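Note: hydrogens, waters and symmetry copies are ignored here, and every other heavy atom, side chains too, is used. Since the structure is predicted, the reported quantities are computational estimates derived from the model, not experimental observations. Just so it is clear: chains get the letters A, B, ... in the order the sequence lines come, proteins before strands, and each one is counted from 1.
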Protein chains: 2
Amino acid sequence: MTTEKRRAPAGAAVLRDEITTAIRRALMQELAAVGYGRLSIEAVARRAGVSKTAIYRRWSSKLDLVLEIVAAAAHGKLPALDTGTLRGDLALLFQVVAHALRHPLASQIIPDLLAEAARNPTIDATLRQVLHTRQQEIGGRLVTRAVQRGELPADTDLDAAVDLIVGPLYWRLAIARLPLTDGYLDNLVESVAAGLGADNVLPRPRAAPRSD
Amino acid sequence: MTTEKRRAPAGAAVLRDEITTAIRRALMQELAAVGYGRLSIEAVARRAGVSKTAIYRRWSSKLDLVLEIVAAAAHGKLPALDTGTLRGDLALLFQVVAHALRHPLASQIIPDLLAEAARNPTIDATLRQVLHTRQQEIGGRLVTRAVQRGELPADTDLDAAVDLIVGPLYWRLAIARLPLTDGYLDNLVESVAAGLGADNVLPRPRAAPRSD
DNA sequence: CAACGACGGTACGGTTGCGTCCCGACGTGT
DNA sequence: ACACGTCGGGACGCAACCGTACCGTCGTTG
């Protein structure tokens, strides 16, 4: 009876992609501006130029909205990241991370959501899926390949290696928020490689190519 | 006329320290529970078992309250941190940081406020004063002494060194929130020392004292 | 001992946001 | 061309919180 003569939605009775996109963009901006704690659907709707109903028709709640959009945004691109050497992989990874954290939106949203994840299990689970797992997977693969090449000791702790790889750059860009000076990433590659134990292979070509 | 026969407040007309303390503690707990964005004076008052007026008599606003209390809490103790060797200094520093971030309150409040600092200039200024400056000062002194001893190259970049020193541990404890396994800090000391360029002085006694 | 005066607590408008409901508008399929 | 049915928008009730005004209480000081 209900599904008998059911007709598929048509005409104006269809979600408009432009409005969905506007909501996504507005959510990101609001998230960066006020953080997850103070995020309000009304503000998102205002900024997007749509009505609250437009949002509630697409997502059931504020948490649902944030989770879906953030996960989608983080699912994006990720290069193969296999240059053949540990230093090459590190340099590429750092450039990708630095590029991502250059976006003002990302550099504000990511620390905010990570802090929120400490108290919201759902956000925590989602972030671990789209960020931690991904980063650990990438870092793990990077380290594994380096071990196989003989660049790193065989008993390298993956978790500790990931800490050493992503910690410094994240601290500088997202926490201390200091600019990337000339040659910073190059030096960081050498420092991290040395910290991982790769110093036996290459004798640190030049530590500080600067001349002030 | 006004200051002529002015009598100093006495009797019940004096701030009770026990209530001030209760407010401080409640603020910390609320800050950890809901974050700065959702922090409400009413909730703090409820948790402390006092009235809102008790809070507004002591601090003018939510921002004022948070700034004063957080700054006071961060002003606390800090060891001399001068063991005579780079590795000794690093080990001590890591233990202090790890101990501080072990407190659940600290590990939730600090990332939250750091994220908030990205959009609130007043919080940013306060945090830089009580945290960044302090850490950079300590890290800088640690590096400077190591340079003077000949343990590190003379052209070491202080900012980059601080990134390398505090980044990995902060990432693990505050972002990834992984536990500290046995020997993690010891290995981190060696890794960071090597990353800083101290590998020339000591040939890394043992990189990974584990046996799984 | 008596008066002072700031204390803590309650009560109060004003504001903001959540989530829902109802309405006219609109464009495709029959 | 018509009817269908979902869309977007505005309005609503409800709840929470901000910051303030008032009121009785209490201990010290003269």
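- Summarising the geometry, the separation between CD1 on A/I23 and P on D/dC7 is reported as 12 Å, rounded to the nearest angstrom.
- Paired with A/L169 under the rule side chain to side chain contact (heavy atoms under 4.5 Å, CB included), one option of A/L101, A/L93, A/L180 passes, and it is A/L180.
- Nucleotide D/dC17 holds its C1' atom 10 Å from the NZ atom of B/K62, rounded to whole Å.
- For A/L63 and C/dG19, the CG to C1' distance is 15 Å, given to the nearest whole Å.
- If you measure from atom CG of B/L65 to atom C1' of D/dC18, you get 14 Å, rounded to the nearest angstrom.
- To the nearest 0.5 Å, atom OG of residue A/S191 and atom CG of residue A/L185 are 11.0 Å apart.
- Taking 4.5 Å as the limit, every side-chain heavy atom of A/V166 sits out of range of all side-chain heavy atoms of B/I175.
- Considering only side-chain atoms of B/T53, the nucleotide from D/dC17, D/dA21, D/dG8 that sits closest is D/dA21.
- Of the side-chain N and O atoms in B/R57, one or more sit less than 4.0 angstrom from OP1 or OP2 of C/dC7.
- Side-chain contact between B/V66 and B/T126 is absent, with no heavy-atom pair separated by less than 4.5 Å.
- Residue contacts shown for B/R58 are limited to sugar-phosphate atoms, with no base heavy atom under 4.0 Å away.
- For the pair A/D17 CG and D/dG8 P, the interatomic distance rounds to 11 Å; values are reported in whole Å.
- Among C/dC18, D/dC17, D/dC18, the nucleotide with an atom closest to any side-chain atom of B/I41 is D/dC18.
- Closest contact between the side chain of A/V50 and the listed nucleotides C/dG17, C/dT20, D/dG9 involves D/dG9.
- In terms of phosphate contacts, B/S51 brings no side-chain nitrogen or oxygen within less than 4.0 Å of OP1 or OP2 of C/dG8.
- Here A/I55 lies out of heavy-atom contact (under 4.0 Å) with every strand.
- Heavy-atom neighbours of A/R25 CZ from other residues, nucleotides or ligands within 6.0 Å: at or below the threshold of 12.
- Look at CD on B/E42: it is 17 Å from P on C/dG8, rounded to the nearest Å.
- If you take CG of A/L15 and P of D/dG5, they are 17 Å apart, rounded to a whole angstrom.
- When rounded to the nearest whole Å, the span between CZ of B/R46 and P of C/dG8 equals 19 Å.
- Distances shorter than 4.0 Å separate none of the side-chain N or O atoms of B/R16 from OP1 or OP2 on D/dG27.
- With hydrogens and angles ignored, no donor-acceptor pair closer than 3.5 Å exists between the side chain of A/K52 and the base of D/dG10.
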